[in-house]
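Everything on this sheet refers to the single structure shown next.
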Amino acid sequence: MMYLKGMFNFEQDSHFSRYLAYLEIFVLGSLFLLLLGQLTALLNVDVWRQDSIHYVTTYVDKLSEEGRWLNYVFFKLLKITPPALCVAVSYFCLGYFVYSASYRVIQNKRYCLALALLALNVPVLAVQLEWPDTLLLAFIFLAAATFESKKIPDYIFFPVFACLFFGSFSAFYFLLPLLYLDRITPKYFLRLCIIWMLSFVFGYLITNLIVYAYTGDFIRIASWRNPHPIHHFSDIFTNIKQANTYFMSHMAKYLAISKVGVLVIAVIYIVASCRSINAFLTIIVSLFCALAIYVSSIPVGIIVQERTTLTFWVAALFFGLVVKAYSQYYRFAGLLIILVLGFRMGEVSYTSIGSYANATHSLVNQIKLSVPYAEEEVDRVYIMVSIPEAQAVFKKLEKNIEYKNHFSESVSAPLAWISAFKYLGYKNIVLCVNDETGWCAEPVKHYRELESFEPGVHLFQSHRFGDDVIFTVNKALLSESDLR
């Protein structure tokens with residue numbers, strides 16, 4: 001917090017310095033207002049993702065598939081933590097990390113605050129926080145790392161935080177070298193890279209041992225991640241090609257958002273600012289941090305989802321904008337780039353948050369209209385629908401609410417409806433999609449024996465089944481062309 005002291009000192013030596021100060025105030029005010037709008041929209045969201053800690057009853061499966069042992073240890077505490085508090089704390093922690101790490105290099109308070117506000121406008125941040133409680137500990141560790149990196153040796157700092165981030169959200173580990181940019185020399189560059197990479201392996205091994213101690217088995221990568229472990233030499237090239245495909249796909253969208261022109265200016269800004277080998281290596285470290293999310297996927301060949309690329313965005317900002325400005329003119333150019341990027345990214349973020357909020361609100365509203373039974377009157381809710389039917393219904397809904405999806409996942413999948421039911425107070429939700437066994441056997445049989453549901457006027461319909469309810473789409477509103 002001491003960095004913020006004296007931030008707005010207007011005692012300048014030239015007219016240009018005064019104009020630069022005005023620009024700084026304008027950039028800070030604009031980015032703050034953009035961020036405030038996003039936070040207001042995000043804090044008004046009522047329904048989060050179905051596998052958020054807030055909704056699940058146990059974390060054992062997640063522990064086995066993801067290795068987040070700290071989330072498992074603090075499961076009960078995270079479950080009762082209000083999502084709004086999780087969101088607010090997460091934003092603060094990331095902002096403080098970016099501010100602190102950049103200040104160590106640039107030593108300019110207003111510029112670093114502008115960069116921190118820009119980072120908080122990154123579109124995928126709000127998408128990640130659709131799981132607000134799941135990432136809370138990782139964001140807190142990110143802020144804590146800014147303090148501990150000054151107190152303990154790097155050969156202890158990196159292994160310790162590798163274990164902490166593997167226990168909460170491993171991708172954040174890739175950002176830690178940004179805290180050491182002010183120390184970069186050719187000799188320390190090599191040391192930093194070696195400690196960083198070896199500590200990553202150490203953190204993974206220790207996490208596997210902890211998971212084994214809790215579950216009796218090592219981490220098993222979930223099937224939805226489409227793992228492709230390396231068994232043969234050719235698998236290396238296959239996984240590299242896959243990682244490159246994800247990177248190029250994501251970059252196409254990133255460039256569309258940030259506009260190629262701004263990035264070209266940023267590159268010119270970087271080249272003009274690199275007047276020493278140390279400054280050049282600072283940029284290389286930032287580049288390594290940005291690409292780490294893709295490189296780390298190569299050994300196991302897993303999917304790199306757009307919503308998990310927050311570390312890429314943050315490190316990319318350091319790559320382009322955290323260089324030692326040798327004059328006020330460089331800082332002026334950097335602020336202009338931050339302003340343009342901020343407006344563009346803020347617009348995309350606000351649109352994405354609003355679309356997700358509208359989609360979940362509409363889903364909740366449709367459930368209320370279609371299920372005329374209070375939650376205390378219902379034992380179980382059976383969601384009985386095919387994937388094409390669900391997609392057809394949501395295609396109509398999303399068209400009516402002008403849904404615009406950039407990085408977030410659609411809520412059209414029946415699995416995503418579970419959290420809406422739980423928000424309304426229904427406790428036991430059973431998903432019967434292509435499943436006629438177990439709990440679904442009798443409801444499916446009963447559903448097929450029905451001649452038809454009574455005609456409805458809403459997108460969904462429900463039918464009483466003893467103490468339970470069968471929930472499905474209103475097929476009367478779907479034509480054959482809708483299901484294609």
Side-chain angles (χ1 to χ4, degrees), residues 45-59 61 79 83 130-131 356-401 403 409-479 482-483:
V45 171
D46 295 319
V47 179
W48 308 99
R49 292 297 179 176
Q50 75 282 349
D51 53 348
S52 296
I53 291 178
H54 187 64
Y55 298 120
V56 299
T57 56
T58 178
Y59 208 75
D61 291 339
K79 189 172 178 62
E130 290 171 11
W131 291 261
Y356 176 76
N358 287 341
T360 54
H361 175 76
S362 299
L363 175 60
V364 168
N365 187 48
Q366 287 294 319
I367 292 174
K368 288 180 179 179
L369 292 171
S370 306
V371 183
Y373 313 106
E375 60 272 16
E376 63 269 15
E377 301 172 2
V378 177
D379 187 4
R380 294 186 184 87
V381 175
Y382 294 95
I383 299 177
M384 206 166 296
V385 62
S386 68
I387 298 299
E389 290 171 346
Q391 292 175 341
V393 164
F394 267 83
K395 187 176 181 180
K396 292 178 179 290
L397 186 148
E398 290 172 357
K399 178 183 177 181
N400 292 336
I401 66 173
Y403 181 78
E409 298 174 2
S410 172
V411 294
S412 62
L415 185 65
W417 307 351
I418 293 176
S419 54
F421 275 100
K422 290 190 174 181
Y423 167 73
L424 291 172
Y426 298 95
K427 298 293 188 284
N428 303 309
I429 318 299
V430 182
L431 193 61
C432 299
V433 178
N434 300 324
D435 186 2
E436 301 179 15
T437 61
W439 289 103
C440 294
E442 287 301 317
V444 168
K445 180 180 178 182
H446 177 79
Y447 176 68
R448 288 179 173 174
E449 290 176 351
L450 292 173
E451 293 184 1
S452 66
F453 283 106
E454 293 186 11
V457 295
H458 304 298
L459 293 176
F460 299 98
Q461 291 181 283
S462 64
H463 179 75
R464 195 78 190 195
F465 175 55
D467 293 332
D468 306 326
V469 166
I470 294 175
F471 180 80
T472 187
V473 301
N474 184 359
K475 294 183 177 60
L477 298 180
L478 302 179
S479 63
D482 290 330
L483 298 174

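Small disclaimer: the values here were computed from a predicted structure and weren't measured.
Side-chain contact between Leu459 and Asn474 is absent, with no heavy atoms from C-beta onward closer than 4.5 Å.
Here the side chain of Thr360 pairs a donor or acceptor atom with the backbone of Ala357 at under 3.5 angstrom. With hydrogens and angles disregarded, no donor-acceptor distance shorter than 3.5 Å links the side chain of Ser419 to the backbone of Val47.
Taken from OH in Tyr55 to NZ in Lys79, the straight-line distance is 10.0 Å, to the nearest 0.5 Å. The distance from atom NZ of Lys368 to atom NE2 of His458, rounded to the nearest 0.5 Å, is 13.0 Å.
When the salt bridge (Lys or Arg N to Asp or Glu O under 4.0 Å) test is applied to Asp468, no partner is found at least two apart in sequence or on another chain. Applying the side chain to side chain contact (heavy atoms under 4.5 Å, CB included) criterion to His361, with sequence neighbours excluded, gives no partner residue. Residues passing the side chain to side chain contact (heavy atoms under 4.5 Å, CB included) test with Asn428 are Asp379, Arg380, sequence neighbours excluded. Contacts of Glu375 classified as side chain to side chain contact (heavy atoms under 4.5 Å, CB included), with partners at least two apart in sequence or in another chain: Tyr426. Under the rule for a side chain to side chain contact (heavy atoms under 4.5 Å, CB included), the partners of Ala359 that lie at least two apart in sequence or sit in another chain are Ile401, Tyr403, Val411. Residues meeting the ring pair (Phe, Tyr, Trp, His ring centres under 6.0 Å) test with Phe465, sequence neighbours left out: His446. The salt bridge (Lys or Arg N to Asp or Glu O under 4.0 Å) search around Glu442 returns none, not counting sequence neighbours. Ser412 is linked by a side chain to side chain donor-acceptor pair (under 3.5 Å) to Ser410, counting only residues two or more places apart in sequence or in another chain.
Results of the side chain to side chain contact (heavy atoms under 4.5 Å, CB included) test with Phe471 over Ile429, Val371, Val430 single out Val371 as the only residue that passes. Among Leu369, Leu363, Asn365, the single residue meeting the side chain to side chain contact (heavy atoms under 4.5 Å, CB included) criterion with Ile367 is Leu363.
Within the structure, the ring pair (Phe, Tyr, Trp, His ring centres under 6.0 Å) test picks out the following pairs touching residues 367-399 (sequence neighbours left out): Phe394-Trp417.
When all heavy atoms of Trp48 and Glu130 are compared, the closest pair comes out as CB-O, 3.5 Å.
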